[in-house]
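Before any comments, here is the structure.
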There are 4 protein chains.
Amino acid sequence: MTIRVRPESPVPIYEQIIGQIVFAVAASDLAPGEMVPSVRDLAAELVVNPNTVVRAYQELERAGILETKRGLGMEITADGPKRCRERRRAIVLLRMREALREAASAGLSAVDVCKMVEDEWPRLNSTRNGQAK
Amino acid sequence: MTIRVRPESPVPIYEQIIGQIVFAVAASDLAPGEMVPSVRDLAAELVVNPNTVVRAYQELERAGILETKRGLGMEITADGPKRCRERRRAIVLLRMREALREAASAGLSAVDVCKMVEDEWPRLNSTRNGQAK
Amino acid sequence: MTIRVRPESPVPIYEQIIGQIVFAVAASDLAPGEMVPSVRDLAAELVVNPNTVVRAYQELERAGILETKRGLGMEITADGPKRCRERRRAIVLLRMREALREAASAGLSAVDVCKMVEDEWPRLNSTRNGQAK
Amino acid sequence: MTIRVRPESPVPIYEQIIGQIVFAVAASDLAPGEMVPSVRDLAAELVVNPNTVVRAYQELERAGILETKRGLGMEITADGPKRCRERRRAIVLLRMREALREAASAGLSAVDVCKMVEDEWPRLNSTRNGQAK
DNA sequence: GTGGTCTAGACCACG
DNA sequence: GTGGTCTAGACCACC
């Protein structure tokens, strides 16, 4: 499992980490009972401050996606996959709604937007953050 | 010409104002030489801090879309429409790219996204800017 | 509205702040629409690091009890009172259950426990943290 | 004599072990001169890290409740029962005081608390330590 | 002025 | 080794 963050992105690093883990669990790349990297390890790998990772993990714990095994680390909960699929949908929908609202108030039609999606989609792969498939 | 802002939106209020004016000019709802409301009037109408309107107008001035008529107010420049059409495209594209990047990293396909657009599109009008009809 | 924290307590400072605000809202000492002290002000008053206050406020925001007014501060939400009453109950119940479980496994009866409550209750006022009534 | 720990409890595992032994001695389920299970055996039975058991035993030794019989194991001291009865009282009182302080600062009265005790008490047996009957 | 994010580094409890 | 909390101080966007 590999996590990648884009430090120059407007979306906060801790949210990027959350998103990556949510998406990985939703896609069954991370299974319940599996442990996530330790705070220190992930921080070192991403070259960010450990506190930033702590924040991401704690938010995932509050969301019932991770649970702490004291002294050992944190692992995916049994409910994780279900919650992550819900959350994934919510994340994408939220961002999508913002974009659509903007498009609508700019006077575009649904057809215009779909054309734009098809135009932009292939262009993503060149600049995307990781996952090749 | 009516401007509406959603204070709870994640996009900053001054950006919303900019967007609304840009879109209005691009759609010829505001013509070159026409004047925009005074800072005080618009602030009162939108119930926002006057500084917020100032910031929006300043940015539009720097972009060559508004120009100051000393002692009178600000009006749309001759180049306004052209620049606004460009800028409109840039705004929509930017927001759309963010959404698509998220969708892609969530593992969705272009088809999934288009379906989502068609699902969400009609729903926009009912909640957009609070105007029900 | 006054908040007090006991730095020597085993319960984290940010949780104490959360609890105090939850209790205040549940008791209608803080009404919806009312603003809480600014992060910096409260930090100065409690002589704690601003980040500690930030953490408390953010958790209350995620719980739907506070909402951010950008550039202005944070205020109690309309749903705040309802959520705080629920949360107050949950907080007390949680701590109480731990105590009762301990008492039960120590072989005490319900009567023993109630007697203990009546014994200890008056003693609280001398060492308690604030609220005189 | 059976010891049970709840790994998901907020109270540390080593403290749970201490408590269970203290309560057993106080209730004469474990008599002076009787030996406690070996570190390895108890750790295996509870599925916890042996160091955790070591820590519990060490603390009980420091408290004069257990003593080492070199090469043989550890046994309950002659003073054990007396000290455990004192300690049992202290443990229960401490936990109870925390709960009461919370209840008081939440604005509950002594009557409210006693009602809560009577409500919760029967519920304990069904979930306590996982033993259903 | 407001909150939001991030870094650096410390100390603690737990296993 | 693990996570949890706290401090100090920086920089940013927004109003």
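Order of the sequence lines fixes the chain letters, A, B, ..., with proteins taken first and strands second; residue numbering starts at 1 for each chain.
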Look at all strands and tell whether N49(A) reaches a base, only sugar-phosphate, or nothing, counting heavy atoms closer than 4.0 Å.
base

Quick one: bend of the helix from dG1(E)-dC14(F) to dC14(E)-dG1(F) from 5 pairs per end, to 10°?
10°

Examine the base of dG1(F) for any acceptor or donor lying under 3.5 Å from a partner atom in the side chain of R40(A), and report the outcome as yes or no.
no

Charged N to carboxylate O under 4.0 angstrom, R62(C) versus E59(C)?
yes

Would you say dT5(E) has OP1 or OP2 under 4.0 Å from some side-chain N or O of T52(A)?
no

Between R6(D) and E98(C), does any side-chain N to carboxylate O distance fall below 4.0 Å?
yes

Could you tell me whether the phosphate oxygens of dG3(E), OP1 or OP2, come under 4.0 Å of any side-chain nitrogen or oxygen in Q58(C)?
no

Taking OP1 and OP2 of dG15(E), is either one under 4.0 Å from a side-chain nitrogen or oxygen of Y14(D)?
no

Return whichever of Y57(C) or N51(A) has its heavy-atom-nearest nucleotide of DNA chain E closer to the 5' end.
Y57(C)

Please report the C-alpha distance between Q58(A) and Y14(A) in whole Å, then the side-chain angles of each, then the deciding distance to 0.1 Å, and finally whether the side-chain contact (heavy atoms from CB on, under 4.5 Å) criterion is met.
CA-CA 10 Å; Q58(A) 283 182 337; Y14(A) 77 90; over 6 Å; no

With a 3.5 Å cut-off and no angle check, do the side chains of T68(B) and E61(B) form a donor-acceptor pair?
yes

5'-most contact on DNA chain E: L72(A) or G71(C), nearest heavy atom basis?
G71(C)

NA contact type, E61(C), heavy-atom cut-off 4.0 Å: base, sugar-phosphate, or nothing?
sugar-phosphate

So, OP1 or OP2 of dC15(F): does either fall under 4.0 Å of a side-chain N or O from R70(C)?
yes

From dC6(E), dT5(F), dT2(E), nucleotide with atom closest to V54(A) side chain
dT5(F)

Charged N to carboxylate O under 4.0 angstrom, E15(D) versus R95(D)?
yes

Selection from dT2(E), dT2(F), dT5(F) that lies nearest to any side-chain heavy atom of P12(C)
dT5(F)

Residues I18(C), Y57(C); criterion side-chain contact (heavy atoms from CB on, under 4.5 Å); working and verdict:
CA-CA 7 Å; I18(C) 292 174; Y57(C) 279 9; over 6 Å; no

Are any of T68(C)'s side-chain N or O atoms less than 4.0 Å away from OP1 or OP2 of dG4(E)?
yes

Side-chain N,O (R55(D)) to OP1/OP2 (dG15(E)) below 4.0 Å:
no

